[in-house]
Amino acid sequence: MDAQSNANLYVALRAAFPDTLDATAIETCDTPRPLQYTWRDLERGTAMLANLLASLGLPPDSRIAVQVDKSVEALMLYLAVLRAGHVYLPLNTAYQAAEIEYFVGNAEPAVVVCSPHAFGWVSRIAFAAGTRHVYTLDAERRGTLLDRAAYQSDRHEPAPRQPDDLAAILYTSGTTGRSKGAMLTHRNLRSNAEVLHEAWGWAAQPRGSDTLIHALPIFHVHGLFVAVHGALLAGAKMLWFGRFDAAGVIARLSEATVFMGVPTLYTRMLAEPALARAACAHMRLFVSGSAPLLAETFDAWRERTGHTLLERYGMSETVMLTSNPYRPEEGRRRGTVGPPLPGVQLRVRDERGLPVASDETGGIEVKGPNVFMGYWRMPEKTAEEFTPDLWFKTGDVGRVDADGWVTIVGRSKDLIISGGYNVYPAEVEGCINQLEGVAESAVVGVPHPDFGEVGVAAVVPRAGATLDGAAIVAALKVRIAHFKVPRQVFVVPELPRNAMGKVQKNLLRAQHRALFA
Ligand code: MCA
Ligand code: AMP
């Protein structure tokens with residue numbers, strides 16, 4: 001089956017590999033010595049992993065849940081899952097036992113891959129949930145996954161997939177506190193990758209001439225789909241960082257042409273004296289997204305490097321929605337996320353669901369081949385998030401000007417975006433409220449110079465109980481991913497409420513907004 005008749009995303013990515021498979025596809029930058037992976041290594045490695053999965057005799061829609069440190073082999077596992085026709089379920093390495101237990105219980109994966117050091121607790125959770133296969137993989141290429149794959153053939157025919165077959169499930173926390181698995185299809189991912197291939201100038205370069213610095217995690221849309229698909233579809237080499245390191249990335253910019261980051265990565269690079277025009281002279285594109293980009297970061301970047309950041313906007317449920325233009329003559333603008341990408345429809349509605357005039361603010365709704373199929377096994381939640389005429393309600397608040405350019409002004413969903421990670425106050429409050437002696441709590445986001453925004457909690461003790469903010473932080477750190485834990489916890493006699501009894505989070509936000517200034 002060829003790329004025309006088989007909608008498997010891997011087929012499209014593979015078709016873009018350069019003719020010379022012996023060229024370097026990925027070079028590691030922060031391993032003890034640099035490792036070079038050729039395109040042939042990607043082809044063979046993903047075939048062996050796909051054959052291992054095939055040997056398990058799983059039904060096509062089986063979920064393969066993966067919580068491992070970033071490595072090229074972890075990337076190959078993602079590609080192998082696509083290739084084998086299964087559904088990839090990436091999990092943030094920061095998630096702790098209770099979080100993993102929820103995801104595994106909800107998604108019922110056939111296979112779980114985790115770090116060797118986490119095998120004990122992860123396998124207990126997985127086997128209890130009915131998972132039959134648990135493999136391990138660490139960043140040094142050790143573990144049972146590769147041991148087993150080593151016996152497999154390095155040839156594999158990509159499994160036939162239809163455009164609407166599932167390719168991945170990405171969990172995004174919900175405003176009610178429970179995470180929902182966004183179901184993304186081969187069509188969603190492929191259409192978005194192809195649109196970005198044109199929109200960001202990959203297509204206009206001679207194939208194989210670009211080099212992407214990849215320094216984002218590969219368990220979220222930005223690092224896994226936007227960056228990886230962009231590079232693979234262009235036959236571009238990747239300079240691969242297991243962890244983001246500002247000085248390390250700057251030192252490799254002279255070999256690269258494209259970089260993608262969340263705003264925190266840009267502010268951290270701006271803090272490095274080595275960031276200068278000369279260091280960026282070889283670059284053609286810097287992309288920012290996943291969180292609001294401050295005007296001062298946009299300006300400082302232009303001033304220091306001579307490059308204008310290209311800001312774009314997207315979601316786990318929709319992949320990329322809008323983008324500032326690639327071509328400088330079309331003008332990248334500060335403060336806007338640009339017009340909708342080709343094929344994406346975007347509209348703004350007021351609270352009653354009625355259209356607003358241009359430049360008026362309202363809820364952003366979208367439609368297009370990139371929009372997900374719904375939340376895994378949550379038809380009611382899915383129905384709630386779509387309008388009757390099937391537009392997806394993003395929960396972002398914004399406006400569109402007369403030329404169609406979109407500006408995000410806020411969110412109707414109660415969400416904190418910290419260093420590009422989403423933190424849902426409802427989830428954190430739920431966790432705090434279960435602690436002994438807690439009557440109730442409220443978590444709000446406040447400005448932070450490094451992470452853009454961080455959570456701060458106000459906690460009310462039960463009558464007669466004595467609470468300590470630091471002890472609450474410590475208790476949370478063994479229960480939830482550390483990036484979700486409020487930076488500061490205030491013990492207060494009561495929460496500010498309005499006449500209806502609703503907690504006035506805006507007052508809490510105002511009270512603490514200068515905490516990290
Ligand atoms: C780490 N910590 C954080 C964060 N990251 N706290 C709040 N927010 C964060 N983002 C905490 C750790 O738990 C730890 O706390 C302490 O900070 C230091 O951790 P460390 O691992 O050393 O941090 P780091 O390596 O410096 O990580 C910061 C980072 C990372 C590089 C900015 O957060 C990152 O890679 N962010 C990118 C996230 C991303 O890819 N988002 C895309 C989502 P403790 O000491 O207590 O343990 S996709 C998306 O949003 C949509 C679709 C889109 O539009 O792209
Ligand atoms: P996630 O669910 O993790 O994929 O996060 C998606 C959310 O990130 C969106 O709904 C927005 O609130 C936010 N987001 C992504 N890109 C931008 C951007 N360029 N500016 C402001 N917010 C953004």
Say whether, by atom type as modelled, one donor and one acceptor occur between the side chain of [X] and the main chain of [Y] under 3.5 angstrom.
{"X": "His512", "Y": "Leu515", "value": "no"}
{"X": "His86", "Y": "Asp61", "value": "no"}
{"X": "Asp69", "Y": "Thr93", "value": "no"}
{"X": "Asn188", "Y": "Val371", "value": "yes"}

Heavy atoms only: give me the nearest Lys70-Leu216 pair and the separation to one decimal.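 Result for this residue pair: NZ-O, 2.7 Å.
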Do you know the tightest heavy-atom contact between Ser316 and Leu184? O-CD1, 3.5 Å
Would a 4.5 Å heavy-atom cut-off, applied to side chains only, mark Tyr95 and Phe103 as touching?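 Yes, side chains in contact.
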Test: [X] and [Y] ion pair at under 4.0 Å:
{"X": "Glu27", "Y": "Arg252", "value": "yes"}
{"X": "Glu440", "Y": "Arg497", "value": "yes"}
{"X": "Arg479", "Y": "Glu427", "value": "no"}
{"X": "Glu99", "Y": "Lys484", "value": "yes"}
{"X": "Lys413", "Y": "Glu385", "value": "no"}

Are Lys381 and Tyr375 in a cation-pi setup, meaning NZ or CZ lies under 6.0 angstrom from the ring centre and within 45 degrees of the ring axis?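 Checked: cation-pi criterion not met.
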List in chain and number order the residues that pass side chain to side chain contact (heavy atoms under 4.5 Å, CB included) with Ala383, two or more places apart in sequence or in another chain; answer none if no residue qualifies.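 Expected list: none.
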Crowded around Glu351 CD? As in, over 12 foreign heavy atoms under 6.0 Å?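 It does not: Glu351 CD has 12 such atoms or fewer within range.
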